[in-house]
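Each remark here refers to the structure printed beneath this line.
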Amino acid sequence: MVLSTGSNKIKTAIFISGTGSNLKSLIKFSKLKKSPITIEMIISNNSKAKGLRYAKIYGIKKRVFDFKNTLSEKKVINELKKDNINLICLAGFMKILSKSFIKNFKGNILNIHPSLLPKYKGLNTHERAIRNNDKYSGCTVHIVNSRLDSGKIINQKKVRINKLDTPETLAKKILVQEHKLYPAAIMKVLSL
Ligand code: GRF
């Protein structure tokens with residue numbers, strides 16, 4: 001990460017596609033004095049994303065783009081540059097960003113993934129961990145590069161899988177940890 005916080009907080013945009021519970025935890029974190037970021041914008045590819053309601057609740061700008069082609073991505077880039085956004089946090093964002101988009105932000109894009117990467121890149125992570133009788137799963141925050149769920153790992157949290165766990169119960173347990181892991185990852189990469 002090439003950002004230096006100095007005395008100014010890093011202007012951050014959060015990208016979501018769904019519920020936005022990680023978004024909510026990041027907003028709360030950003031309001032702490034020790035936080036090195038401010039959240040300036042919420043971006044979604046899905047106008048029906050539940051998490052978009054946090055824009056109104058917390059008075060944060062929201063924008064919806066379809067991310068279907070490079071033209072749409074260019075509009076996103078323009079919007080972000082206009083507001084001097086220097087950090088992007090993907091939080092349940094279900095679109096794959098193009099190489100050129102990622103290059104534009106020079107490694108300053110983070111993602112949270114619900115598995116212990118490099119295990120279970122992609123979708124249905126909880127089902128796959130249970131099916132393989134893994135003892136643990138968890139979550140990972142990593143830097144986004146052009147290969148899916150493959151960038152440098154910042155931090156991880158292990159979560160025990162119990163015999164009775166279903167993908168749903170495991171997802172819930174892991175989500176609780178995600179809400180702590182993402183702020184901790186931001187502190188780790190941005191604090192001096
Ligand atoms: C989280 O489990 C995240 O790791 C994954 O999608 C889920 C998003 O949840 N990428 P939420 O929208 O933050 O509640």
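For reference, positions follow the sequence shown, starting with 1. Bear in mind the structure is a predicted one, so any value in this text is a computation, not a measurement.
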Atom of Ile37, atom of Ile39 and distance for their closest heavy-atom approach: CD1-CG1, 4.2 Å
With rounding to the nearest 0.5 Å, note down the distance linking OG1 in Thr12 to CG in Leu26. 9.0 Å
Is Leu116 reachable from Tyr182 through a run of I, L, V, M, F, W or Y residues, each pair having side-chain heavy atoms under 4.5 Å apart? no
Does Lys158 count as lying over the ring of Tyr136, i.e. NZ or CZ under 6.0 Å from the six-ring centre, within 45 degrees of the axis? yes
Atom NZ in Lys62, atom CZ in Arg53: separation rounded to 0.5 Å? 11.5 Å
One pair to check against side chain to side chain contact (heavy atoms under 4.5 Å, CB included): Ile60 and Glu40. What are the steps and the verdict? CA-CA 6 Å; Ile60 301 169; Glu40 305 287 331; 6.0 Å; no
For the residue pair Pro167 and Glu127, what are the closest heavy atoms and their distance? CG-CG, 3.6 Å
I'd like to know whether Val176 forms a side chain to side chain contact (heavy atoms under 4.5 Å, CB included) with Lys172, so could you lay out the CA-CA distance, the side-chain angles of the two residues, the decisive distance to 0.1 Å, and finally the verdict. CA-CA 7 Å; Val176 172; Lys172 270 193 192 153; 5.9 Å; no
Lys173 side chain reached by Leu170 side chain, heavy atoms, under 4.5 Å: yes
Any side-chain heavy atom of Arg128 within less than 4.5 Å of one from Lys119? no
Quick check: do Phe15 and Lys95 have side-chain heavy atoms less than 4.5 Å from each other? no
Identify which one of Ile96, Asp149, Asn111 satisfies the side chain to side chain contact (heavy atoms under 4.5 Å, CB included) criterion when paired with Val144. Asn111
State whether the side chain of His179 and the backbone N or O of Lys24 hold a donor-acceptor pair below 3.5 Å, judged by distance alone. no
Contact summary for Val64 and Asn45, nearest pair of heavy atoms: CG1-C, 4.3 Å
Would you give the length of the straight line joining atom CG of Asp66 to atom OG of Ser72, rounded to the nearest 0.5 angstrom? 4.0 Å
What orientation do Tyr58 and Tyr54 show, parallel under 30°, tilted 30 to 60°, or perpendicular over 60°? tilted
Side chains of Asn145 and Ser150: closer than 4.5 Å at any heavy-atom pair? yes
Do Met94 and Leu123 have side chains that get closer than 4.5 Å, going by heavy atoms? yes
For Ser44 versus Leu52, what's the shortest heavy-atom pair and its separation? CB-CD2, 3.9 Å
Could you tell me which non-hydrogen atom of Ile43 sits nearest to which non-hydrogen atom of Phe65, and how far apart they are? CG2-CD1, 4.1 Å
Which pairs, with at least one residue in residues 80-91 and sequence neighbours excluded, count as a side-chain hydrogen bond (donor to acceptor under 3.5 Å, both in side chains)? Lys61-Asp83, Lys81-Asn104
Tell me, please, which residues at least two apart from Phe101 pass ring pair (Phe, Tyr, Trp, His ring centres under 6.0 Å). Phe105
I'd like to check Ile27 versus Ile57 (side-chain heavy atoms, cut-off strictly below 4.5 Å). Are they in contact? no
Do you know which two heavy atoms are closest between Ala91 and Ile112, and how far apart they sit? CA-CG2, 4.3 Å
To the nearest 0.5 Å, what is the distance between NZ on Lys152 and CD1 on Ile143? 5.5 Å
What distance do Lys157 atom NZ and Lys180 atom NZ have between them, rounded to the nearest 0.5 Å? 7.0 Å
Check step by step if side chain to side chain contact (heavy atoms under 4.5 Å, CB included) holds for Ser137 and Thr125. CA-CA 9 Å; Ser137 187; Thr125 55; 5.8 Å; no
Checking Val141 against Lys188 for the side chain to side chain contact (heavy atoms under 4.5 Å, CB included) test, could you report, in this order, the C-alpha distance in whole Å, the side-chain angles of both residues, the deciding distance, and whether it holds? CA-CA 11 Å; Val141 176; Lys188 190 169 169 185; over 6 Å; no
Spatial distance of atom CD1 (Ile42) from atom CD1 (Ile14) [nearest 0.5 Å]: 8.0 Å
Within the 4.5 Å heavy-atom criterion, are Lys135 and Arg160 side-chain neighbours or not? yes
